[in-house]
Amino acid sequence: MFTVTVTDTHDETDTVKVLRLVRSDGGALAPYPAGAHVDVTGPTGITRPYSLCGPPHDTGAYTIAVKRETDSRGGSQALHDKAAPGTELTVGAPRRLFGLAPDTAARHHLIAAGIGITPLLAMAYELHVRNAEFTLHYVARSRSEAAFAGLLERSPFAGRVVPHFGLGREESRTALANALQGLEEESHVYTCGPHDFMAYVREVAARGLPEERIHSELFQAGTPEDTTVDTPFEIELDTGEVYPVPPGRSIAEVLEENGVPLDTSCREGICGTCVLRVIEGEPDHRDHCLTAKEKAAGDQIAACVSRAKSSRLVVELW
Ligand code: FES
């Protein structure tokens, strides 16, 4: 973690604020691949992951776009209300859970909805520099609600951007289905946006591509699980300690209450920060960060949201 200073802010839309961050000690920022995110601890101490949405080759500053979420823990609201030029924030090293395929890809199809544009914007910058073949489809309720619409229109890759603004749900789906018809062999699809949107894009893309060429990143968890269906279980550490996890409490909360250090960020099963290795027992996966393959393997668990189907889970702290 290191300290950064906000040097500039502006409102992209009524609900999306853009922050430019530089290192407070004047040092160089760590380089990052397109699609990477950083954990940002805001003025009220809440940490949230944000995609880096500036050009990845510009390492002088990090740019993040924060959507005001009124029903979350308040991290985004604090950045909207309190972050101004001069404000200091704490930022973790960039992490890549979502990234571009190697240069051998024939074409890259970037499909964004709403604030999901942020990692795909960084990817578009990178693909443009690589001189790669790509198209960026951008779905939003209206142009005025589409963050970076003006920037995309003025960008050197504006001709590769296909806006789908102001369409109804079915019209958007039809447009995307048409766009993803007859996908070239060796092409890759990347999508970011609400859960339902990405599920649809994944479903359509899977008609022409294997799963490993379809990449997605979730920005917002869905409705929290109904804790009335939770059953109690025990969590055992590889060091031998055993703690009960009651309904309504997460593994992460139980470990923290017992003084066990555990890194967390989103606490919504999105970012992957809290993932632990499972040595024994059967996880009840409720996260959005592990892939279907990883969930089926059963040897990892997102401690902030997932639970256990077995009466005990034995985990290893990384
Ligand atoms: S803290 Fe983000 S997935 Fe658990």
Side-chain angles (χ1 to χ4, degrees), residues 1 32 35-42 44-52 64 66-67 69 71-79 89-99 115-116 118-119 192-195 198-199 215-227 230 233 235 237 243 245-279 281-309 313 315-318:
M1 302 294 280
Y32 62 92
H37 70 266
V38 288
D39 292 334
V40 178
T41 306
T44 52
I46 295 176
T47 302
R48 292 273 323 182
Y50 291 99
S51 288
L52 292 165
I64 60 170
V66 180
K67 177 160 189 220
E69 307 284 2
D71 56 354
S72 68
R73 293 182 298 135
S76 65
Q77 297 200 53
L79 287 173
L89 307 171
T90 307
V91 167
R95 294 190 301 133
R96 179 192 195 251
L97 296 176
F98 183 51
I115 194 64
T118 50
C192 187
H195 190 267
M198 291 196 304
H215 316 269
S216 55
E217 182 169 76
L218 188 65
F219 255 83
Q220 225 181 346
T223 311
E225 297 290 336
D226 181 352
T227 54
D230 289 354
F233 61 97
I235 188 86
L237 305 184
Y243 305 107
V245 183
R249 306 292 292 159
S250 70
I251 297 171
E253 287 168 338
V254 167
L255 294 182
E256 285 164 355
E257 282 161 12
N258 287 283
V260 179
L262 177 72
D263 284 342
T264 60
S265 174
C266 70
R267 302 181 83 96
E268 294 178 1
I270 299 171
C271 69
T273 305
C274 65
V275 170
L276 300 174
R277 190 191 307 279
V278 175
I279 301 170
E282 189 184 358
D284 177 3
H285 295 291
R286 299 183 181 187
D287 64 274
H288 304 283
C289 56
L290 296 176
T291 64
K293 220 183 223 176
E294 288 168 335
K295 286 178 181 170
D299 58 355
Q300 298 182 71
I301 187 165
C304 66
V305 291
S306 294
R307 302 187 62 81
K309 290 182 180 165
L313 267 189
V315 296
E316 182 180 89
L317 296 175
W318 300 99

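Everything quoted here is computed from the prediction, not taken from an experiment. All ligand and atom numbering here is 1-based and tracks the order in the structure.
Using modelled atom types, one finds no donor on one side chain facing an acceptor on the other under 3.5 Å when comparing Ser265 with Thr47. No hydrogens or angles considered: nothing links the side chains of Thr273 and Arg267 as a donor-acceptor pair under 3.5 Å.
No side-chain donor-acceptor contact under 3.5 Å links Ser306 to the backbone of Ala303. At least one donor-acceptor pair under 3.5 Å links the side chain of His285 to the backbone N or O of Lys295.
From Leu237, atom CG reaches atom CG of Leu255 across 6.0 Å, with rounding to the nearest 0.5 Å. Taken from CD in Glu268 to SG in Cys304, the straight-line distance is 8.0 Å, to the nearest 0.5 Å.
For ligand 1, the atoms closer than 4.0 angstrom to any heavy atom of Arg267 are 1 (S), 2 (Fe). Within ligand 1, counting atoms from 1 as listed, the ones closer than 4.0 Å to a heavy atom of Ser265 are 1 (S). Atoms of ligand 1 lying under 4.0 Å from any heavy atom of Gly269, numbered from 1 in the order shown and given with element: 3 (S).
Closest to atom 3 (S) of ligand 1 among all protein heavy atoms lies Gly272 N, 3.2 Å.
Rounding to 10 degrees gives 100° for the angle at atom 4 (Fe) of ligand 1 between SG of Cys304 and SG of Cys274.
Contact between Ile270 and ligand 1 is present, with at least one heavy atom of the residue lying under 4.0 Å from the ligand.
Atom 2 (Fe) of ligand 1 has an N, O or S atom of Cys271 inside 2.8 Å of it.
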